[in-house]
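Below: the structure, in structure tokens.
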There are 2 protein chains.
Amino acid sequence: MNAVFKALADPTRRKVLELLRQGPMTAGELSDRFPVSRPTMSAHFTILREAGLVATHKDGKSVVYRLQLSVLEDALLSFGQLFGIGGTAPAPREGSST
Amino acid sequence: MNAVFKALADPTRRKVLELLRQGPMTAGELSDRFPVSRPTMSAHFTILREAGLVATHKDGKSVVYRLQLSVLEDALLSFGQLFGIGGTAPAPREGSST
DNA sequence: ATGATATTTAGCTAAATGTCTAAATGAGTC
DNA sequence: GACTCATTTAGACATTTAGCTAAATATCAT
């Protein structure tokens with residue numbers, strides 16, 4: 001949980017998550033959307049990955065990043081619930097098991 | 001919004017907000033719950049106040065901190081809504097606003 | 001005015017963070 | 001194998017952060 005909030009503290013990383021919401025993207029595609037170097041973006045990706053907010057797989061030469069929505073959801077909802085925020089109607093989100 | 005997420009990145013500060021959920025407390029009462037010095041706590045309070053997450057008033061010798069639930073709520077819900085998380089049921093909230 | 005209590009400000013250190021360039025690694029292609 | 005493209009690692013640097021102690025400020029009581 002701490003790692004998630006640490007990861008969310010940086011605007012670049014929050015933006016990465018937003019972009020990924022529309023579907024998986026390669027490291028390069030993501031990097032092209034930001035005014036910082038690729039190594040810098042790579043460091044941000046590492047932090048997001050270690051927080052569990054994104055997952056990766058290789059596709060040929062590229063590394064594809066994909067949003068782990070359930071992790072973001074868990075963190076936001078469970079923290080919010082400590083304050084009675086939003087917890088009443090848990091969204092029946094995209095295909096998880098159950 | 002960035003200030004709110006920055007403020008939430010530290011576990012001490014998140015815990016302060018949780019304690020404040022049960023009602024207003026003085027700086028000293030809050031500090032007594034944490035294993036760090038009062039000046040350090042004071043710095044955390046400043047960050048929370050600048051993010052708008054807490055408000056203060058003086059009461060005699062003491063400074064009373066109170067949670068600004070609506071600010072936390074706005075940040076969490078509006079960020080969550082970018083991802084379709086939880087946002088469908090808008091806060092049916094209790095008392096204190098503004 | 002003095003003294004006691006509560007909190008913040010000042011000044012410092014050590015560690016973490018975000019950024020860069022240059023070099024290394026991995027994966028296809030010729 | 002050698003080349004090229006995509007990404008990450010290494011190393012350096014500046015800034016920010018969280019923590020401390022000591023001192024300043026503010027309020028109340030005597």
Side-chain angles (χ1 to χ4, degrees), chain A residues 1-20 22-68 72 75 79, chain B residues 1-20 22-68 72 75 79:
Chain A
M1 163 89 103
N2 194 35
V4 171
F5 277 103
K6 277 272 176 54
L8 294 180
D10 185 274
T12 296
R13 292 192 291 265
R14 287 198 304 275
K15 199 73 195 296
V16 167
L17 295 177
E18 287 179 46
L19 287 171
L20 251 21
Q22 288 150 14
M25 273 195 231
T26 68
E29 286 169 339
L30 284 166
S31 293
D32 286 345
R33 260 97 168 174
F34 294 87
V36 300
S37 71
R38 271 143 203 269
T40 294
M41 289 304 294
S42 187
H44 285 308
F45 298 152
T46 297
I47 289 166
L48 289 169
R49 194 172 352 93
E50 286 177 350
L53 289 165
V54 301
T56 59
H57 64 101
K58 285 208 84 165
D59 180 26
K61 292 187 255 193
S62 299
V63 174
V64 179
Y65 283 83
R66 142 177 67 85
L67 179 61
Q68 296 290 93
L72 182 60
F79 182 69
Chain B
M1 161 92 98
N2 194 37
V4 170
F5 277 102
K6 277 271 176 54
L8 293 178
D10 185 274
T12 295
R13 292 192 292 263
R14 287 197 303 276
K15 198 74 194 297
V16 167
L17 296 177
E18 287 179 46
L19 287 171
L20 252 19
Q22 287 150 14
M25 270 195 233
T26 68
E29 286 169 339
L30 284 166
S31 293
D32 287 344
R33 261 95 168 175
F34 295 86
V36 300
S37 71
R38 271 142 202 269
T40 294
M41 289 304 294
S42 186
H44 284 308
F45 298 153
T46 297
I47 289 166
L48 289 169
R49 194 171 354 93
E50 286 179 348
L53 288 165
V54 302
T56 59
H57 65 100
K58 284 207 83 163
D59 179 27
K61 291 186 258 193
S62 300
V63 174
V64 180
Y65 282 84
R66 139 178 71 86
L67 179 62
Q68 296 290 92
L72 181 60
F79 182 68

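Values in this document were obtained by computation on a predicted structure and should not be read as measured data. All chains are named by letter (A, B, ...) in the order of the sequence lines, taking the proteins before the strands, and each is independently numbered beginning at 1.
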Q. Mapping A/Lys6 and A/Thr40 onto DNA chain C by nearest heavy atom, which one lands closer to the 5' end?
A. A/Lys6
Q. Roughly how far, to the nearest 0.5 Å, is OG of A/Ser31 from CE of A/Met25?
A. 11.0 Å
Q. Any side-chain heavy atom of B/Val16 sitting closer than 4.5 Å to one from B/His44?
A. no
Q. Nearest 0.5 Å, what's the CD1-CZ distance between B/Ile47 and B/Arg13?
A. 4.0 Å
Q. Is the phosphate of D/dA6, meaning OP1 or OP2, less than 4.0 Å from a side-chain N or O of A/Tyr65?
A. no
Q: To the nearest Å, give me how far apart CD (A/Glu29) and P (D/dA6) are.
A: 10 Å
Q. If you measure from CZ on A/Phe45 to OG1 on A/Thr12, what distance do you get to the nearest 0.5 Å?
A. 10.0 Å
Q) To the nearest Å, how far apart are A/Ile47 CD1 and D/dT8 P? A) 13 Å
Q. In whole angstrom, what separates A/Asp32's CG from D/dT7's C1'?
A. 13 Å
Q. Given side chains that start at C-beta, do those of B/Leu19 and B/Leu30 come closer than 4.5 Å, heavy atoms only?
A. yes
Q) Does the side chain of B/Leu17 come within less than 4.5 Å of B/Leu48's, by heavy atoms? A) yes
Q.
Of all nucleotides in DNA chain C that come within under 4.0 Å of a heavy atom of chain B, which is furthest toward the 5' end and which toward the 3' end?
A. C/dT5 to C/dT9
Q) Are any non-hydrogen side-chain atoms of A/Leu8 and B/Leu8 less than 4.5 angstrom apart? A) no
(Q) Under 4.0 Å, heavy atoms only, any strand: does A/Thr12 hit a base, just the sugar-phosphate, or nothing? (A) nothing
Q. Considering heavy-atom distances to DNA chain C, does B/Ser42 or A/Val36 have its closest nucleotide positioned more toward the 5' end?
A. B/Ser42
Q) Using a cut-off of 4.0 Å between protein heavy atoms and nucleotide atoms, how would you tag nucleotides 25-30 of chain D 5' to 3' with B, S and -? A) -SBS--
Q: With heavy atoms under 4.0 Å as the rule, sort B/Ser37 into base, sugar-phosphate or nothing.
A: base
Q.
Can you measure A/His44 atom NE2 to D/dT7 atom P for me and round it to whole angstrom units?
A. 16 Å
Q | Taking every non-hydrogen atom, the tightest pair across A/Gly28 and A/Arg38 | A | CA-NH1, 3.5 Å
(Q) Rounded to the nearest 0.5 Å, what separates atom CG in B/Leu20 from atom CD in B/Glu29? (A) 10.0 Å
Q: Describe the nucleic acid contact of B/Thr26 in one word from base, sugar-phosphate, nothing, applying a heavy-atom distance below 4.0 Å.
A: sugar-phosphate
